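See structure below.
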Amino acid sequence: MWEDEAKLSASGPGTRYITIMPFYAVMDGVSPGVQVPPHLTRIPINLISTSSDLANAFVKGKVVRKGPLVSLPLRDPILKAVIQEEDSQPNSSSQINAINIVVFGVLAKNFSEGVSPGDVVMASGFTVSKSPTASKDKLHHLNLLLSQDANIYCFCQSSSLNPTCAVASKRSSTVSAEVSNRTKTPRYTYTRLSDLKSGSVVNVYGVVVFFKQPFKSHGTDFCSSLKITDQSNCNVGCTIFCEKLEEHPKIFQIGDIVRMHRVKVKLFNKAITLVNTFGFSVITFDGKPSGTVEPRTSSRTFHFDEQDRKTVEELQTWISSQNVLPPSSTSVTLSAVQPKAYFDLTCQLLAKAPIDSTCTLLRVWDGTRSPNTFVPVDPNDVEGPTAFSREKESFIANILVYDNHSEFAKQLKLGAFLRIYNLRAVPVSSKVRDINRNQSETCDHLALHLHGGTSFGRGIRILPENSPDVQMLKRAIAFLTEDVEDCATALNDSELLEVWSTPPDFLDNEAEMCSTSAEGSIRPKLQQVTLSELKQSSPGQVYHVRAQIRSYEPSKLHQALKLFCSKCSSIQDIPDDELLASIFSEACKNSEDCSSPAWALSGSIELPSGSTQRAVKVHLSTQLKAEGKVKELLFIRGTTLEETCRLAKGYKNIVPVTASKSGLALMDLSAPFLFRGPRRYYGCKQCSKATVRELPSQGDELLDEKIIAEALGVQLLQFVLLLKLQLQDATNTLEVFLWKHAELFLGVSAEEVAISQEAQNSVHATLESLCPTEGTVGQRPWLDLSLTSYRGAGERDQNQTYYQICSPPVTRPSSAQSDHT
DNA sequence: GCTTAGGTTTCG
């Protein structure tokens, strides 16, 4: 991530410019003032006394001694060090220029990991206490005490061409600065799983092949159990005991990557196992490459550098290149739940109700049609809505969770996004009298159980809002509620049609399918129809069909990727790089000086341009800088597309701007208004009222594309996939659109497809499996699909009926299609 | 203060 910056920094001899980065600055070593708040004044060590104004003071000195991090049970870790002023008068032997510092808590851990002897540190926000060792060590008679409210700024004397973010702190309680040109020394070494020696304490990286959510042990702690592997192909079990849940590894699925520090290698039953020991820490990563490597942790501070990023990416590549993971990927949507199956479900909690002392009912949905999971419950017991519209109800699943999970479920908040592991679908048969035909029929439904215990990883996990799976789920649910509830969407049909004959939107009139149930307690099954029957039916309904895919368009996947505006419902193609490059170069020409906004710090950075360098203007929010979030958001002016992309690798968010009469302005919205790593975000030209302004403070919350778009008045466009499939059965063929449910259908997020070859390959593989280019038609799988049919709403096409797929595919053995032949 | 668990379901 930092490579390009490093090149920038090292690009010329005698580099003297300052780049803006969060935890370090590439500096000339002479201008240390950049990172230290201006209200602080330096106090010489010999002048420190109990009567000094310490609130506004900082000290500066070289670390001449650094003690170990001492962790005592039930106490904050402590670290002692000695700093010595380098620039005080050498001949003033009577003056004491060195002092003991005592660092506590996370800061101590930070210091331990991020500061080496020889580094120069500045510290502020400290208090003093009498030094008990003054007579012995001949240092200052006071100690500096640095705890939570203190800041330490570190200027590492030996620096790196790959500057490492040595002391990352979410709340920037610590800032470190590094000078360029150092040979790299890794701060942590990681042991391959094949090289573990019993009795040693090691740091390891691994890919999760099995895990259990943390559960209460019989002792004092929660216990996490996992099994990991790495390139050495060894499988190693790990047991993590921590009192606090948040200290446990945040594992969401098999294939996640964990990094653990300070685990002890033990032998149990002749097998190597890893158990956490003092100073244990863990961070986890998504195992799927997504262009950005984001550590999952609740730790305020953790070490994470360039080498870590590389290690994670190597593991991600290794996972996808090998058959590392257990074969069954059991994550399914509600619409695909098979009787008797165990599966993991990602869903949103809508309501819940206690059933008895050991059992809780969770009512959830995931945006797909639910199997019938009827559970009788007293409405008085329900937390949340007691009833939903009949159509909405058909998307909701009832899950009974037992024992330990029931206890956990009681604490869940409505609206939470959950992953429920190892759910079981139990088929239940019940005799129902059909009033119309006056005969008994067997009407099946599924009971969804999360049994007690933790075998096979049974459990519930709350997924964070920013996880890719939750993002996908939210889009599916948003589309669903739009379909189900919003009958008044204004649609710009002609524009939709222009974009590769996209259909007008579908207005769901909550058509009720065959209603042959007894007292409505069991939802009727949707009737399956043939394509011929479907074509003769009236629009505005949902149908089930069993069909094969005969062909699909577009054949080039990138053409299926579109940008969708949820406000005006317009759909547009993603502009190609050629067009973007020309927009950027136009803006470059236009980038003469203009007044910088009052809220911004403005400056320039040098970019290599052929053999020379040229300056581009950068603007940075004063407030973000004050909060230590220098790297969070950068406005940049006068760069080419290629330069912008390169810079985007080093900063969380880059907003390209251009000069206008009234100051800074966003570029033409045909171009992305925001670069986040490899991700590019676009705004709707029609619906945006964009202005460049300072972002409101987000506190500890990290900026994302939504917050930035909103602050800049940009209507964020959503990535969507749009395909046209030709279905066939024995009776007919039918063209259907796959759009709103494309992500669930294809099992990828459109945004991921936009940046990841991996995701593109996966879409390709899915389509290839459903509609192989080779082989005969007879070999193609038969799919159970739900289709909505609707009339065109535009003038030109109001007599036209369109069809859209509204379920993920469920493949059936090809013999199953014999009903309709 | 130095344990806890040590993957393997299936009652409801």
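Everything quoted here is computed from the prediction, not taken from an experiment. In what follows, chains are A, B, ... by sequence order, proteins preceding strands, each numbered from 1.
Nearer the 5' end of DNA chain B, as judged by each residue's closest nucleotide, is the contact made by A:Thr454, out of A:Thr358 and A:Thr454.
Minimum atom distance to the side chain of A:His218 is reached by B:dT4, of the listed B:dG12, B:dT4, B:dG7. The A:Phe210 side chain lies nearest to B:dG7 when the options are B:dG7, B:dT4, B:dT10. Out of B:dA5, B:dT3, B:dT9, the shortest distance to the side chain of A:Asp221 is found at B:dT3.
A distance cut-off of 5.5 Å between ring centres, combined with a plane angle under 30°, places A:Phe268 in a stacking arrangement with the base of B:dG6. Centre separation under 5.5 Å together with a plane angle under 30° does not hold for the ring of A:Phe241 and the six-membered base ring of B:dT3, so they are not marked as stacked.
If you check every strand for non-hydrogen atoms under 4.0 Å, A:Lys227 touches a base.
In terms of phosphate contacts, A:Lys212 brings a side-chain nitrogen or oxygen within less than 4.0 Å of OP1 or OP2 of B:dG6.
The base of B:dT3 is paired with the side chain of A:Thr220 by a donor and an acceptor separated by under 3.5 Å. With hydrogens and angles left out, the side chain of A:Arg458 and the base of B:dT9 share a donor-acceptor pair within 3.5 Å.
Nucleotide B:dG12 holds its P atom 15 Å from the CG atom of A:Leu446, rounded to whole Å. Note: CG (A:Asn276) to C1' (B:dG6) measures 14 Å, nearest angstrom. The interatomic distance linking A:Tyr342 (OH) with B:dT8 (C1') rounds to 11 Å, in whole Å. For the pair A:Phe343 CZ and B:dT9 P, the interatomic distance rounds to 18 Å; values are reported in whole Å. Protein atom CG of A:Leu226 is 11 Å distant from nucleotide atom C1' of B:dG7, rounded to whole Å. Taking atom CD1 of A:Ile240 as the reference point, atom C1' of B:dG7 lies 14 Å away to the nearest angstrom. Separating the CZ atom of A:Phe222 from the P atom of B:dT4 is a distance of 17 Å, rounded to the nearest angstrom. Rounded to whole angstrom, the span from the CG atom of A:Asn269 across to the P atom of B:dT8 amounts to 13 Å.
The aromatic rings of A:Phe211 and A:Tyr421 lie perpendicular to each other, with more than 60° between the two planes, well past the 30° mark. Under the 30°/60° scheme for interplanar angles, the aromatic rings of A:Phe222 and A:His248 are found to stand perpendicular.
Using a cutoff of 4.0 Å between basic side-chain nitrogens and carboxylate oxygens, A:Lys310 and A:Glu314 are not scored as salt-bridged. In summary, A:Glu407 and A:Lys216 do not engage in a salt bridge, as defined by a charged side-chain N under 4.0 Å from a carboxylate O.
No cation-pi contact links A:Arg262 to A:Phe280, judged by a cut-off of 6.0 Å to the six-membered ring centre and 45° from its axis. For the pair A:Lys410 and A:Phe408, the cation-pi criterion (under 6.0 Å, within 45° of the ring axis) is not fulfilled.
For the pair A:Thr273 and A:Val236, the minimum side-chain heavy-atom distance is 4.5 Å or more.
Contacts between residues 397-409 of chain A and DNA chain B, defined by a heavy-atom separation below 4.0 Å, involve A:Tyr402, A:Asp403, listed by number.
Under the 3.5 Å distance criterion, with hydrogens and angles disregarded, a donor-acceptor pair is assigned to the side chains of A:Asn235 and A:Thr229.
For the C1' atom pair drawn from B:dT10 and B:dG6, the interatomic distance equals 23 Å after rounding to whole Å.
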